[in-house]
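This report refers to the structure that appears directly beneath it.
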Amino acid sequence: MKIRRKLLIAFSIYMILALIPAVFAYRELSTLRKRLKPVEAASDITSSYLELRKNEKTFLLLKDRDTLQLLKKQIGMLKGGLDDIESEVLREIGAVNYASLREAITAYETGTLKLAENFNTEQLTINKLTDLGRRIEKVLDGSELQTFLVLRRHEKNLMIQRDSSSMDVFRQTSALIKSSPEADLAAYRTSAEKLFSLYQDEKQLENEIRNSASIIQTYTESILQGERQDIDALLKISMNLLLASLVIVIVIGALINARLAATIAAPIREIRKFAERVAGGDFSKTLEVKGSQEFISLADALNLMAVKLKDTVSSLELAIQNLHDKQGQLVEAEKLASLGRIAAGVAHEINNPLAIINEKAGLMQDLLAISSDFEQKKSITAQIEGITGSVNRCRTITHRLLGFARRMDITIEPMNLNEAIRETIAFLKTDILTKAARLDLNLAEDLPEIRSDKIQLEQVFLNLIKNAVDAVAAGGEITITTSRKDEGAVQVFISDNGSGIPKDKLNHIFEPFFTTKGRDKGTGLGLFVSHAIVRKLGSRIQVQSEVGKGTTFTLDIPIKPTLSKEMTA
Amino acid sequence: MNKIKVLIVDDEHDFAATLAERLCLRSYDARIVVNACETLSLIDKIKPDVVLLDLNLQGISGIEILMTLKNVSPEVEVILLTGHMDIARSIEGLRLDSFHYIFKPFDIRELTEKIDAVTAKHGRKQGNEHA
């Protein structure tokens with residue numbers, strides 16, 4: 001899967017997770033909003049009730065029509081408020097209690113109306129009683145009047161106290177009056193009795209109203225409280241839901257993040273390790289990454305890069321190796337060239353004085369030859385021969401040195417290797433015959449024509465064959481073999497069954513002035529010169545030798561020489 | 001029969017004188033000149049058959065003398081005496097017609113054989129005897 005898609009999915013999950021609490025919160029808030037209406041209604045009912053009670057007190061005190069009207073209106077409001085939230089109230093307190101509440105309200109209303117009626121009757125009765133009292137006062141006199149006035153005082157007392165003891169006192173006092181008009185007195189007494197009875201009823205009604213009010217209060221309070229509790233519960237649930245959603249969002253979000261980070265970090269770690277390995281030159285392992293498509297393509301690209309890098313490094317290493325080889329060859333060539341210049345310089349300087357010695361000695365020989373015998377003539381002749389002999393040796397050395405210097409120039413031409421060998425052997429025939437050595441020639445006749453410097457190669461063959469002749473004992477055996485080595489080279493083997501070269505000397509045989517033949521025989525330059533020529537011609541010379549068994553020189557000669565300009569200059 | 005006239009041009013007097021004496025002993029008319037400047041006038045004067053010319057002359061280059069000589073008297077044979085193979089090879093490169101050289105030090109017989117050979121072309125034969 002692609003990282004982009006993963007990120008998109010992770011983002012979508014975050015969004016959904018964030019939406020869940022938001023939806024919950026929205027739902028809870030709208031529920032709350034709905035629920036707040038009944039709470040307000042319940043609150044209205046409660047306040048209506050409180051207003052009602054206040055007016056009830058006023059009414060009980062003033063007993064006036066206005067307050068009654070207000071009271072009636074408030075009872076209506078209470079009823080209307082209950083009607084508005086009837087379903088909530090039913091749910092809150094139940095049908096039975098609701099019926100009780102409605103009953104209590106009805107009772108309260110009825111009680112209030114009765115009380116109002118009672119107040120009216122009471123007023124009429126008080127008026128009647130007062131009229132009758134005044135009328136009776138006018139007809140009475142003397143002690144009876146005094147008693148009646150006491151009775152009137154008891155009448156006032158009854159109106160204030162409204163209790164049975166005041167009534168009892170009034171009755172006893174009224175019984176004392178005898179001489180008044182019978183009808184009025186009786187009416188007066190009846191009115192007083194009626195008033196007392198009204199007072200009793202009033203008390204009864206007030207109690208009933210209070211009871212109803214207390215029932216209403218209980219219910220309205222429980223309604224309000226219930227609604228408040230509902231809201232509280234709702235709020236608590238909302239809070240818990242939000243908290244839970246938040247926790248879920250945080251936990252799941254963190255998990256998703258960790259997972260996502262791991263899927264990105266793990267391949268990056270692998271890539272880093274791979275890069276470190278490659279930097280350390282270890283190309284053995286390829287990069288394998290699991291996970292996102294982007295990383296897999298990156299790994300493919302990196303692997304390709306590593307392969308190319310490996311190729312580049314190996315070709316560079318090869319180039320450096322070649323450079324080293326070339327440098328070695330150049331150094332070798334430069335060394336040989338310097339040596340050649342030095343050798344030539346030395347040879348030139350020595351040649352002139354050597355020529356003088358040679359001529360002087362020669363002249364002495366000439367003079368001796370024409371002079372008559374004298375005592376020491378023979379001895380002197382012998383001494384001079386010693387001088388000329390030494391001069392000859394010196395000349396051999398200087399000529400070889402000069403020859404070596406000269407041989408640094410190469411002329412490449414097509415040539416037949418076998419023919420060159422045959423010509424060289426012809427030149428050495430006398431030496432071979434003198435040694436009575438046997439010469440075996442195994443020359444491959446299908447050898448291809450090669451391009452090389454014939455004269456220089458002949459010089460090499462001459463040196464090597466001459467060495468072989470020197471190495472073998474009388475009647476020894478020398479074998480010369482030519483063969484095709486491979487596509488680009490031919491080989492020459494020159495073997496003898498002579499004395500062989502000790503191992504400790506084998507490493508030095510190509511050095512200048514190194515000889516195993518003894519001072520009189522060798523100059524120590526033959527193999528040195530041969531080696532230099534072979535190197536110049538892009539060939540190789542190798543030697544194998546065992547003391548007592550013989551020596552074999554192997555020459556690898558390229559069919560087409562690869563010569564650098566520096567080497568032929 | 002006249003002796004073969006040989007002029008040795010070499011600034012090494014010791015060498016030239018000894019060689020001249022040896023050649024005289026072998027019945028050549030050998031003379032020496034050690035001063036390079038005198039060479040050409042002397043050649044003109046004595047008209048040698050062969051000039052033995054050392055190329056390591058001081059003052060004037062042996063090669064210059066050689067070139068002049070070849071121009072003035074082409075019939076005179078020149079044998080270069082040299083310890084330097086390089087010089088011999090350089091002159092070889094000049095593609096001169098009659099040109100011979102011999103490396104120092106040499107055997108006297110080598111030289112006399114060469115002198116006899118180059119003069120034989122001109123019908124001269126030195127019946128000299130070797131020491």
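So you know, we letter chains A, B, ... as the sequences are listed, proteins then strands, and number each from 1. The figures that follow rest on heavy atoms only: side chains count, while hydrogens, waters and symmetry mates do not.
Closest non-hydrogen pair, B:T18 versus A:E359, comes out as CG2-O, 3.3 Å. Nearest heavy atom pair, residue B:P105 against residue A:A355, reads CB-CA, 3.6 Å.
The neighbour count for A:K378 NZ, taken as heavy atoms of other residues, nucleotides or ligands under 6.0 Å away, does not exceed 12. Within 6.0 Å of the CD atom in A:E375, the count of heavy atoms belonging to other residues, nucleotides or ligands does not exceed 12. Within a 6.0 Å radius of NZ in A:K454, more than 12 heavy atoms belonging to other residues, nucleotides or ligands are found.
Of the listed residues (A:L363, A:I370, A:L367, A:V391), the one with the most heavy-atom contacts under 4.5 Å to chain B is A:L363.
Rounding to the nearest 0.5 angstrom, the gap separating the CG atom in A:N351 from the CZ atom in B:F103 is 9.5 Å. Rounded to the nearest 0.5 Å, atoms CD (A:Q365) and CG (B:L25) are 12.5 Å apart. Summarising the geometry, atom CD belonging to B:E12 is positioned 3.5 Å from atom CD1 belonging to A:I356; distances are rounded to the nearest 0.5 Å. Rounding to the nearest 0.5 Å gives a distance of 9.0 Å between OG1 of A:T388 and CG of B:D107.
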Q. Are A:D366 and B:R26 close enough, and set up right, to give a side chain to side chain contact (heavy atoms under 4.5 Å, CB included), and what steps lead you there?
A. CA-CA 9 Å; A:D366 292 349; B:R26 284 163 177 76; 2.7 Å; yes
Q) When you look at B:K104 and A:L354, which way does the side chain to side chain contact (heavy atoms under 4.5 Å, CB included) test go after all the steps? A) CA-CA 8 Å; B:K104 286 181 181 177; A:L354 210 56; over 6 Å; no
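With sequence neighbours excluded, no residue satisfies salt bridge (charged side-chain N to carboxylate O under 4.0 Å, His left out) with A:E385. Judged as a ring-ring contact (aromatic ring centres under 6.0 Å, His included), and not counting sequence neighbours, B:H13 has no contacts.
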